[in-house]
Amino acid sequence: MIQLKDGNYKNDNENDYLIFEIDPETEEAARNVAITYDRLGFILKHDKELEDEFIQWQSYVIADMWLFTKDLVNKKWRSRNKNYLKEFERISQNALEYENIDRTSNK
């Protein structure tokens with residue numbers, strides 16, 4: 001995951017190149033995390049109350065995982081299927097919004 005984290009701090013042109021240089025083990029680990037959150041997001045969208053509770057509990061982790069993997073998702077994995085991992089992205093956006101609200105309200 002260090003490769004993914006480090007990639008987030010590079011400029012966009014360098015980052016585009018780095019996405020294709022991640023070692024297979026790191027990419028597979030990132031894909032497993034993303035797929036798990038995607039499946040969870042699909043389940044949670046059918047129970048808004050449970051989703052809200054889950055976001056409150058795990059928002060920091062979900063947001064971080066999205067920030068670490070979003071370039072892989074958007075620039076590499078979605079090259080064949082534009083809807084790939086959309087539920088992961090959806091719950092991640094909710095988590096990012098929650099984190100922003102939580103930080104600005106000093107909770």
Side-chain angles (χ1 to χ4, degrees):
M1 287 303 232
I2 297 299
Q3 290 176 324
L4 292 174
K5 186 176 179 182
D6 289 346
N8 287 329
Y9 299 104
K10 307 285 184 197
N11 68 45
D12 284 338
N13 292 336
E14 264 185 73
N15 201 23
D16 287 346
Y17 181 71
L18 288 174
I19 292 303
F20 296 98
E21 292 214 347
I22 293 174
D23 66 86
E25 293 83 15
T26 300
E27 185 172 349
E28 185 62 26
R31 187 184 306 270
N32 287 336
V33 168
I35 288 170
T36 300
Y37 277 117
D38 192 60
R39 290 176 179 159
L40 182 60
F42 177 80
I43 293 166
L44 290 175
K45 81 176 180 178
H46 298 286
D47 186 334
K48 182 67 175 146
E49 186 177 322
L50 182 59
E51 181 174 320
D52 290 345
E53 285 183 49
F54 187 77
I55 294 294
Q56 290 172 17
W57 176 46
Q58 291 289 301
S59 61
Y60 182 78
V61 176
I62 298 167
D64 273 356
M65 290 301 104
W66 175 253
L67 294 174
F68 286 148
T69 61
K70 72 178 181 176
D71 284 336
L72 272 171
V73 172
N74 290 320
K75 296 175 183 176
K76 187 172 184 182
W77 297 338
R78 284 190 180 156
S79 63
R80 289 182 278 173
N81 179 351
K82 298 297 180 197
N83 292 315
Y84 189 62
L85 301 170
K86 282 293 188 179
E87 291 303 317
F88 174 37
E89 182 175 14
R90 184 185 65 76
I91 65 169
S92 298
Q93 295 308 314
N94 291 342
L96 287 164
E97 287 174 20
Y98 180 80
E99 282 296 306
N100 189 41
I101 290 167
D102 193 45
R103 287 187 183 133
T104 59
S105 64
N106 294 322
K107 289 184 182 177

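All values derive from a computational prediction rather than experimental measurement.
- In the hydrophobic clustering of this structure, Leu67 groups with Trp77; members are Ile, Leu, Val, Met, Phe, Trp, Tyr whose side-chain heavy atoms approach within less than 4.5 Å, directly or through other members.
- Between Ile91 and Ile62 there is a side-chain heavy-atom pair separated by less than 4.5 Å.
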Exercise. Between Ile35 and Tyr84, does a side chain to side chain contact (heavy atoms under 4.5 Å, CB included) hold up when you go through it step by step?
Worked result: CA-CA 9 Å; Ile35 288 170; Tyr84 189 62; 3.7 Å; yes

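- Across every non-hydrogen atom of Ala63 and Leu96, the tightest pair is CB-CD2, 3.5 Å.
- Both Val73 and Val61 belong to a common hydrophobic cluster when Ile, Leu, Val, Met, Phe, Trp and Tyr are linked at side-chain heavy-atom distances under 4.5 angstrom.
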For this session: Evaluate the side chain to side chain contact (heavy atoms under 4.5 Å, CB included) criterion for residues Leu40 and Phe54: first the C-alpha distance (whole Å), next the side-chain angles of each, then the deciding distance (0.1 Å), finally the verdict.
Result: CA-CA 10 Å; Leu40 182 60; Phe54 187 77; 3.2 Å; yes

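- Here CD of Glu89 is found 10.0 Å from CG of Asn83. Values are rounded to the nearest 0.5 Å.
- Lys70 contributes atom NZ, which lies 15.0 Å from atom CG of Leu85 (distance to the nearest 0.5 angstrom).
- The distance from atom CG of Leu50 to atom CG of Leu44, rounded to the nearest 0.5 Å, is 5.0 Å.
- For the atom pair OG1 of Thr36 and CE of Met65, the computed distance is 11.5 Å after rounding to the nearest 0.5 Å.
- Classified by interplanar angle (parallel below 30°, tilted 30° to 60°, perpendicular above 60°), the ring pair Phe88/Tyr37 is parallel.
- When all heavy atoms are compared, the tightest approach of Ile55 to Ala95 is CG2-CA, 3.9 Å.
- Between Tyr60 and Glu99, the closest heavy-atom pair is N-OE2, 3.4 Å.
- Contact annotation: the side chain of Glu51 approaches that of Asn94 to within less than 4.5 Å [non-hydrogen atoms, C-beta and beyond].
- Interatomic distance, NZ of Lys86 versus CZ of Arg78, reported as 4.0 Å (0.5 Å rounding).
- To the nearest 0.5 Å, atom CZ of residue Arg90 and atom CG of residue Asp38 are 9.5 Å apart.
- Trp57 and Ile43 fall into different hydrophobic clusters, where Ile, Leu, Val, Met, Phe, Trp and Tyr residues are linked whenever their side-chain heavy atoms come under 4.5 Å apart, directly or through other members.
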